[in-house]
Amino acid sequence: MSVHSKGISKRRRLVKRTTSIHCNNIGIDKKVCNFCESDENNELTLGAFHQKGDVTVHYFCMLLSSGLFQKTKISDKNSILGFLLPDIQNEIRRGKKLNCCFCNTKGATIGCCNGKCKKNFHLICGIQNGVLSQFFDNYRSYCADHRKTQSLVKTLSKGSSKKECAICLTSIEFTATSHYSLVCPSCKHCYFHKTCIQKYAISAGMHFFKCPLCNERETFQEEMLEFGIYIPDQDASWEREPDAFHDLLERHDSCDARYCRCPYGRKYDAEFGKYDLLLCGCCGSAGSHRACNGLFPKDNLFVCKDCLEILNTVNSNTQQCDTTKDQDALHLSCSSTQEKTTAGRATSRSRKRAHPADEVSGSSCYSQVRLRSGQH
């Protein structure tokens, strides 16, 4: 082998070794979004990573790209959540011709939706520079110069600007151009950081997302969507946990009487008889054998001590209300009877006084009537 060929093979081995070291440092399995060319895995601000074939994208980068449209069902296996792979690849190629106005690199597929603005940017660059992205309707984005700001934030910035986040309980400073803090439009007293309310929206989902203070839902969701909060159409995280409602399927199976008389123990449940275990007919979370609660063999209704106290309280209150209503009705009937009696007495007195006069003036009245009618 010549000296020249030895040198070439040595350089090839060196290149392979340095390449493998570089791959080990950056991680071969690390995902990189084809839109923003970022490997940041932040589901809160960029959405989850989705990969199919040669395409790897952040979910929010795909949603907010100006030239990409959802053309099929989300369940379509040949797409990424309804976005066809050829359409995604065409959008990636379109982005390679556009420079980001913030980092001045290619791949800026998101544009400001103001008709007079020509700014394009990556999603991750836009988040760092106050861009507003809306996750509803046409998924519009607006740069910091053309974005909307909550009118309540402008009002709060004029007075005392220091408030407390209702979620993380740390201070919030409102300014006239604040892009990272929001306020509830309904109660106007609930303040939060945008990142805090976004975490809450992802956890609660569309069906449970509401104001943490006043519990208003419709107006609150509309306002949050308008100012860049992503609200997924899914159940709450606490309902999607494995066996979240497993406890509800468990039936109470023990006698809770103070002194259990069953010789076989509190867990024993006979099919019938005095050791048949009955559950509370109100709450179902307490039980007793018939013999332990002094019930007859034919008695099928058992009410625990706690429910019995509540029922007695409700019944006593109802009786008091009924007694008060009866007393009020009796008082009204007595007063009306008294008024009728007084009115009757006054009428009879007036009749007695007017009777002699009527006898005297009866003929004159009759003649006046005849004259008015034209009869002589």
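Atoms considered below: every heavy atom in the structure, side chains included; atoms not considered: hydrogens, waters and symmetry mates.
Both I110 and L46 are members of a single hydrophobic cluster when ILVMFWY side chains are connected at heavy-atom separations under 4.5 Å.
For the atom pair D233 CG and I74 CD1, the distance stands at 8.5 Å (nearest 0.5 Å). To the nearest 0.5 angstrom, K274 atom NZ is 10.0 Å from C292 atom SG. Going from atom CD of E164 over to atom SG of C190 covers 10.5 Å, rounded to the nearest 0.5 Å. Q51 CD to C33 SG: the interatomic distance, rounded to the nearest 0.5 Å, is 11.5 Å. Rounded to the nearest 0.5 angstrom, N99 CG and F121 CZ are separated by 14.0 Å. Atoms OG1 and CD, from T109 and E91 in turn, are 5.5 Å apart once rounded to the nearest 0.5 Å.
For the pair Q234 and M206, the minimum side-chain heavy-atom distance is 4.5 Å or more.
With ring centers used as reference points, F192 lies 6.0 Å or more from Y200. Aromatic pair H58/F49: centroids less than 6.0 angstrom apart.
Using cut-offs of 30° and 60° on the angle between ring planes, the pair W238 and F208 is perpendicular. Between H289 and Y268, the ring planes are tilted. Angles from 30° to 60° get that label. Using bins of under 30°, 30° to 60° and over 60° for the plane-to-plane angle, the ring pair Y139/F135 lands in the perpendicular bin.
Under the 4.0 Å criterion applied to side-chain N and carboxylate O atoms, D39 and K31 are not assigned as salt-bridge partners. Between D145 and K119, at least one side-chain nitrogen of the basic residue sits less than 4.0 Å from a carboxylate oxygen of the acidic one, meeting the salt-bridge criterion. Remark: E226 engages K148 in a salt bridge, criterion side-chain N to carboxylate O under 4.0 Å.
Counting non-hydrogen atoms of neighbouring residues, nucleotides and ligands closer than 6.0 angstrom, the NZ atom of K106 exceeds 12 such neighbours.
When all heavy atoms of F83 and Q70 are compared, the closest pair comes out as CE2-N, 3.6 Å. Contact record, H122 with G107: CD2-O, 3.2 Å, taken as the closest heavy-atom pair.
A side-chain contact (heavy atoms from CB on, under 4.5 Å) with C112 is found for one member of C117, S66, S141, C101 and no other, namely C117.
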